[in-house]
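For reference, the structure is listed below as C-alpha cells.
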Amino acid sequence: MQILLVEDNEALATALLKSLQKEGYAANNVATGEAALYVIKTDTPDIVILDLGLPDLDGINVLKRVRKTHVDLPVLLLTARSGLDDRIIGLDSGADDYLAKPFEMQELFARIRVLGRRLNTSGSAQIKVGNVALDINNNLVSVNGNELDLSRKEFMLLKTLLENAGRVLTRDTLESRLYNWDEEVASNALEVHIHHLRKKLGVDFIHTVRGIGYKVNKP
Ligand code: CA
C-alpha cells in the first residue's frame, strides 16, 4: 500500500515516514499543497494523509480540489487545531477521517487499516482467495487455516495481489506499492519476494504474466 503524507513540518514528517515504512507501507512525503495535487494526479497513492496547515494552500482547499478528480481516494486529515469547526469543515469537504495532533502512532495505524479496508472490494478486514486468507487487522496470513510467517514486504505484496485478484498487476504498480521513492531497490527484488511467497503459498497461487507482471486468479 502506498501512502502520501502531505506535511510541511520536517521533523514530524520524517518521524511519521519512518514509522509508516517500518510498518511495511510504502510512504512518501511532500511539503506543499501544490506538490500534493501534482503527485495525486500523476502517481495516485492508495491513501493520503493531509495536514491542514500547509505553507501554500490550506489543506481544506487541497482536499476540495482532490475531490473534483478523485472522489474515492481515502483522505485522512491531520489537524493541529482542536476546534470542532475545522473537523466539521474537513468532513464536509470530503475527508474520510481526521486525527488531531498530537496522536499516537498506533492510533494512526488503526485509522489507516480502516481506510485500507475500503480498498478491497469486500470492505472487510479479511480477504480470502481460494484457500489463502489474509487478515488486515492482525497482519496474519493463513493457508487452509495454517498460519504463515511472512515478512512485512511479503505481506504487503500478497495483500496487493489479493485485493486485485483476477487482475494482472504490472511490475511498476507492485513496486510503487512496496517501495518508497527514495528506496534503493535491486532490479530482482520483486522476483525474490514472489519466490519466497511461492515457497510459502505453493508454486501455482501467484501466476507470472510474462513481460507484464503477476496475478492471482479468482477461484
Ligand atoms: Ca503544518
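Computed from a prediction, not measured in an experiment: that's the story for all the values here. Just the heavy atoms: all of them, side chains too, but no hydrogens, waters or symmetry mates, feed the values below. As the structure lists them, so they are numbered: ligands from 1, and atoms in each ligand from 1.
With contacts defined as side-chain heavy-atom distances shorter than 4.5 Å, the pair Ile127/Glu163 qualifies. Here the side chains of Met156 and Gln2 are not in contact, with every heavy-atom distance at 4.5 Å or above. Residues Tyr214 and Leu197 fail the side-chain proximity criterion, which asks for heavy atoms closer than 4.5 Å.
In this structure, the side chain to side chain donor-acceptor pair (under 3.5 Å) partners of Asp97, at least two apart in sequence or on a different chain, are Arg111.
The number of protein N, O or S atoms lying under 3.0 Å from the Ca ion (ligand 1) is 3.
The minimum heavy-atom distance between Asp96 and Leu73, with the atom names listed, is OD2-O, 3.6 Å.
A side-chain donor-acceptor contact under 3.5 Å links Lys153 to the backbone of Leu178.
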